[in-house]
S.K.: 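Could you have a look at this structure, given as structure tokens, before my questions?
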There are 2 protein chains.
Amino acid sequence: MKYANTKERILNSALDFFSVNGYSGASIRQIAKSIGIRESAIYNHYKSKEEIFLAILSQFKDKTISGEVISDELLDEAVYPEIFFSKLAKRLFDHWGKPDEKKFLRLLLMEQFTKIGNKELSTSDYLKEILKVCAVIFGEMSKNGVIKKSDPALLAFEFCAPVFLIRTEYLAEEDSGIRREAAEKINAHVSFFWNAVRLK
Amino acid sequence: MKYANTKERILNSALDFFSVNGYSGASIRQIAKSIGIRESAIYNHYKSKEEIFLAILSQFKDKTISGEVISDELLDEAVYPEIFFSKLAKRLFDHWGKPDEKKFLRLLLMEQFTKIGNKELSTSDYLKEILKVCAVIFGEMSKNGVIKKSDPALLAFEFCAPVFLIRTEYLAEEDSGIRREAAEKINAHVSFFWNAVRLK
DNA sequence: CATCTAAATGAACGCTCGTTAATATAGCGA
DNA sequence: TCGCTATATTAACGAGCGTTCATTTAGATG
């Protein structure tokens with residue numbers, strides 16, 4: 001029998017398993033079985049397990065976060081910084097909580113130190129883009145006198161780092177109770193940040 | 001031939017391999033070989049690979065961070081908050097950078113989502129103790145009018161989270177150039193935090 | 001010195017791993 | 001309709017895995 005999208009379905013399933021069992025804990029047979037084919041069929045699409053891993057990485061490397069997190073209506077709110085920060089933090093948190101992004105984040109955390117992952121995966125790199133975007137926005141806000149003048153890159157880091165840590169703390173399970181707890185932490189962080197950067 | 005400390009040396013070597021290859025990527029044979037014994041000899045000391053893993057976890061669970069990071073001379077400086085924050089941040093960063101602590105941190109990040117690790121490992125739990133200690137200290141400082149009044153637990157999180165993220169970003173390699181880069185980030189964070197909590 | 005025991009060895013087990021090769025089959029273009 | 005190509009299956013490979021077991025050895029105890 002022939003199937004459609006096999007190549008893509010391999011990638012999806014591989015991400016599922018890699019992000020829970022780790023690269024070396026996941027097996028080709030497991031991945032094949034989960035999409036209803038034999039392990040040898042995998043090799044019609046990828047020449048090795050490592051190639052599947054690298055394909056996942058390059059798929060996520062091409063993704064850009066800005067479009068997913070920053071929108072025009074959001075930017076319009078930058079004149080009301082308190083609301084803006086709150087929305088931005090929530091968006092960021094939710095972005096990292098999207099099913100595939102969550103899986104990739106787990107993979108990043110798991111494989112960033114391994115032989116196979118340490119060349120391609122680093123938390124700094126992963127955060128680089130969003131930090132840059134935030135720095136630009138915060139820089140504009142200082143210039144426009146909406147918040148204190150300060151190093152935009154530092155502001156970006158101080159805004160994003162706690163959000164990122166909260167996200168990684170809740171990367172495992174996520175029932176509605178947990179989500180509320182995380183949302184409260186995000187709110188508290190935003191209020192701290194806002195108090196730190198507001199004009200007196 | 002007979003060796004001394006075999007049980008302990010197994011644990012050390014296991015931590016080395018687990019923290020780089022992950023639990024399932026490391027093998028009993030590899031661990032045995034690295035300490036100069038055969039794999040079967042391991043089983044005179046631990047009844048399974050899983051037991052070695054759990055022994056590592058319980059070894060670190062018993063460790064207390066407060067004594068390693070907080071000292072009396074450090075607390076004496078709490079009256080000069082800017083210096084105090086700077087020293088505390090450095091101590092925290094250095095603590096997480098101690099060879100064994102670094103290995104454990106990598107293990108934590110790698111295994112917190114896996115079948116074997118997800119019951120025993122969580123970033124929140126790992127940070128819980130230091131957050132509590134910091135909260136007490138910061139609470140005292142607000143009460144003594146050395147810094148702004150604010151939720152001590154929030155202050156502790158805002159202080160520690162960026163330090164922790166910086167640490168995890170530099171958990172892989174660490175040459176002297178990298179260490180200087182990290183130190184600068186820590187300084188920048190401390191200055192942001194200090195500006196956020198200082199009295200006006 | 002003889003004995004006991006803890007700790008090592010060497011060989012083997014059943015299993016799973018990633019990968020390959022030979023073969024079958026489905027669907028599309030000529 | 002025929003044959004080509006992409007995609008699947010079945011079977012097998014060598015290697016490494018965790019673990020067990022019978023045996024040897026070294027060092028402490030009497």
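Just so you know, these numbers use all the heavy atoms, side chains as well, and skip hydrogens, waters and symmetry mates. In this text, all values refer to a predicted model and were calculated from it rather than measured experimentally.
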S.K.: Assess whether side chain to side chain contact (heavy atoms under 4.5 Å, CB included) is satisfied between B:V163 and B:L92, documenting all intermediate values.
M.R.: CA-CA 8 Å; B:V163 175; B:L92 211 46; 4.2 Å; yes

S.K.: Could you tell me the separation between the CG atom of A:N5 and the C1' atom of D:dA8, rounded to a whole number of Å?
M.R.: 16 Å

S.K.: How would you label the contact of A:R38 with the nucleic acid (heavy atoms, under 4.0 Å): base, sugar-phosphate, or nothing?
M.R.: base

S.K.: Give, ordered by number, those residues of residues 20-32 of chain B having at least one heavy-atom distance below 4.0 Å to an atom of DNA chain D; if nothing qualifies, reply none.
M.R.: B:A26, B:S27, B:I28, B:R29

S.K.: Which one, C:dA8, C:dT19, D:dT9, comes nearest to the side chain of A:I37?
M.R.: D:dT9

S.K.: At what distance, to the nearest 0.5 angstrom, does CG of B:L15 lie from CD1 of B:I56?
M.R.: 5.0 Å

S.K.: Take the protein atom CD1 of B:I35 and the nucleotide atom C1' of C:dA8, then report the distance between them rounded to whole Å.
M.R.: 12 Å

S.K.: What integer distance in Å separates B:I10:CD1 from C:dA8:C1'?
M.R.: 11 Å

S.K.: For A:T64, check side chain to side chain contact (heavy atoms under 4.5 Å, CB included) against everything at least two apart and list the hits.
M.R.: A:S66, A:E129

S.K.: Whole angstrom is fine here: how far is it from CD in A:E39 over to C1' in D:dT7?
M.R.: 15 Å

S.K.: Would you list the pairs meeting salt bridge (Lys or Arg N to Asp or Glu O under 4.0 Å) in which at least one residue belongs to residues 191-200 of chain B, sequence neighbours left out?
M.R.: none

S.K.: Can you name the residues that form a side chain to side chain contact (heavy atoms under 4.5 Å, CB included) with A:E50, not counting sequence neighbours?
M.R.: A:Y23, A:S48, A:L54, A:I116

S.K.: Which donor-acceptor pairs under 3.5 Å do the side chains of residues 33-40 of chain B make with protein atoms, sequence neighbours left out?
M.R.:
residue, atom, partner, partner atom, Å
B:S34, OG, B:S13, OG, 2.6
B:S34, OG, B:I31, O, 2.9
B:E39, OE2, B:R29, NE, 3.4

S.K.: To the nearest angstrom, how far is A:K7 atom NZ from D:dA6 atom C1'?
M.R.: 12 Å

S.K.: Suppose we screen for side chain to side chain contact (heavy atoms under 4.5 Å, CB included). Which residues come up paired with B:K128, at least two apart in sequence or across chains?
M.R.: B:D125

S.K.: What residues in residues 40-51 of chain B put a non-hydrogen atom under 4.0 Å from any atom of DNA chain C?
M.R.: B:S40, B:A41, B:N44, B:H45

S.K.: Check ring-ring contact (aromatic ring centres under 6.0 Å, His included) between B:F85 and all other residues, then give those that pass, not counting sequence neighbours.
M.R.: B:F138, B:F159, B:F193

S.K.: For DNA chain C, determine which residues of residues 109-119 of chain A have any heavy atom closer than 4.0 angstrom to one of its atoms, and list them numerically.
M.R.: none

S.K.: Sequence neighbours excluded, which residues qualify as side chain to side chain contact (heavy atoms under 4.5 Å, CB included) partners of B:K47?
M.R.: B:E51

S.K.: Enumerate the salt bridge (Lys or Arg N to Asp or Glu O under 4.0 Å) contacts for residues 104-123 of chain A, please, sequence neighbours excluded, ordered by first and then second residue.
M.R.: A:K61-A:E120

S.K.: Among all residues two or more places apart in sequence or in another chain, which pass the ring-ring contact (aromatic ring centres under 6.0 Å, His included) test with A:F93?
M.R.: none

S.K.: What is the distance, to the nearest angstrom, from the NZ atom on B:K33 to the C1' atom on D:dG16?
M.R.: 13 Å

